[in-house]
Participant: 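Okay, handing you the structure first.
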Amino acid sequence: DTGVSQNPRHKITKRGQNVTFRCDPISEHNRLYWYRQTLGQGPEFLTYFQNEAQLEKSRLLSDRFSAERPKGSFSTLEIQRTEQGDSAMYLCASSTDRELNTEAFFGQGTRLTVV
Amino acid sequence: AQKITQTQPGMFVQEKEAVTLDCTYDTSDPSYGLFWYKQPSSGEMIFLIYQGSYDQQNATEGRYSLNFQKARKSANLVISASQLGDSAMYFCAMREKAGRRALTFGSGTRLQVQP
């Protein structure tokens with residue numbers, strides 16, 4: 001297992017288009033998180049899954065955003081009708097659901113640019 | 001209220017010297033964990049070190065140590081013998097036992113190591 005994988009690494013889209021990102025977590029990790037990171041800021045929590053169940057969504061996640069994790073494996077994050085303000089790095093992380101000190105492993109992110 | 005505060009947007013250090021990156025946090029949960037991550041220009045978040053709220057000793061991992069002062073709610077990262085490869089963004093993050101266990105990040109400190 002080579003870690004958390006995110007695709008694509010970069011996406012340029014026109015305003016109003018829909019985009020979908022994919023995250024493949026580390027195989028034995030049952031928790032999967034999506035974060036958004038804008039330039040010069042730390043990552044901000046968007047949503048998380050435990051297995052296939054989406055347990056929480058941040059208020060940052062407007063109704064144009066939807067995330068799925070079918071079968072508790074990979075996850076997709078879709079943004080509909082993209083806006084320029086959606087331009088950011090989208091990070092995926094996975095972890096086991098054991099101890100408080102369990103580190104989250106991050107993917108390399110998908111950088112979205114909306115033009 | 002901001003849960004993680006990093007007051008140093010940027011820091012410079014000479015190669016081979018030590019540097020301290022500041023982090024203060026705010027929580028009412030008695031059980032929490034504090035993490036430091038490094039983010040090079042390539043974008044991935046690399047876990048460096050962890051400190052639990054009940055840990056009696058400061059955490060150390062190689063050249064990284066965490067100066068944990070619980071009463072002051074601070075968790076400063078100390079990097080000894082800085083190397084050019086240490087140049088990156090550094091983020092302090094917290095996970096509380098209650099709730100989703102997603103990490104809450106600070107705004108980061110950009111460290112530049114000079115030869």
Side-chain angles (χ1 to χ4, degrees), chain A residues 2-11 21 23 26 29-50 53-61 67 88-112, chain B residues 2-10 21 23 25 27 29-55 57 59 61 64 66 68 75 88-110:
Chain A
T2 56
V4 179
S5 176
Q6 291 188 247
N7 288 288
R9 292 289 310 280
H10 303 275
K11 179 71 177 179
F21 311 140
C23 172
I26 293 171
H29 287 183
N30 60 347
R31 286 191 173 224
L32 186 148
Y33 302 86
W34 284 99
Y35 292 85
R36 181 172 68 187
Q37 185 179 22
T38 53
L39 205 59
Q41 298 297 316
E44 296 173 293
F45 168 76
L46 292 178
T47 188
Y48 96 102
F49 293 84
Q50 182 161 319
Q54 187 174 18
L55 296 187
E56 187 169 347
K57 295 191 289 186
S58 162
R59 279 172 286 183
L60 292 174
L61 213 66
M89 174 80 88
Y90 290 83
L91 292 165
C92 175
S94 70
S95 72
T96 57
D97 181 24
R98 292 187 189 141
E99 305 297 330
L100 190 63
N101 65 343
T102 303
E103 68 189 87
F105 292 81
F106 283 80
Q108 291 188 299
T110 294
R111 185 172 295 283
L112 173 67
Chain B
Q2 199 157 7
K3 290 202 167 189
I4 299 287
T5 302
Q6 294 181 254
T7 58
Q8 305 155 313
L21 307 184
C23 172
Y25 60 92
T27 180
D29 192 333
S31 186
Y32 54 89
L34 297 158
F35 298 76
W36 277 91
Y37 279 83
K38 172 184 178 181
Q39 188 178 41
S41 56
S42 52
E44 77 273 28
M45 300 286 283
I46 302 167
F47 167 74
L48 296 178
I49 195 166
Y50 167 84
Q51 180 83 44
S53 59
Y54 295 118
D55 293 344
Q57 293 189 322
E61 288 285 349
Y64 305 108
L66 202 153
F68 181 47
M89 284 291 290
Y90 288 81
F91 292 98
C92 180
M94 177 173 64
R95 175 186 288 137
E96 295 160 306
K97 185 172 184 178
R100 70 175 100 93
R101 294 202 187 183
L103 292 166
T104 300
F105 286 86
S107 57
T109 296
R110 180 172 296 283

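Below, chains carry the letters A, B, ... as their sequence lines are ordered, and counting in each starts from 1.
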Participant: So which heavy atom on A/Phe45 is nearest to which on B/Ala102, and how close?
Facilitator: CD1-CB, 3.5 Å
Participant: So what's closer than 4.5 Å to chain B heavy atoms on A/Arg111: side chain, backbone, both or neither?
Facilitator: neither
Participant: I need the residue from A/Pro43, A/Gly109, A/Gly40 with the largest number of non-hydrogen atom pairs under 4.5 Å to chain B.
Facilitator: A/Pro43
Participant: Check whether any side-chain N or O of A/Tyr35 sits under 3.5 Å from a backbone N or O of B/Leu103 as a donor-acceptor pair, and report yes or no.
Facilitator: yes
Participant: With a 4.5 angstrom heavy-atom cut-off, is it the side chain or the backbone of A/Gln6 that approaches chain B, or both, or neither?
Facilitator: neither
Participant: Identify which part of B/Gln39 has an atom lying under 4.5 Å from any heavy atom of chain A, answering side chain, backbone, both or neither.
Facilitator: side chain
Participant: Would you compute the distance between atom CD of A/Glu103 and atom CZ of B/Phe35 and round it to the nearest 0.5 angstrom?
Facilitator: 8.0 Å
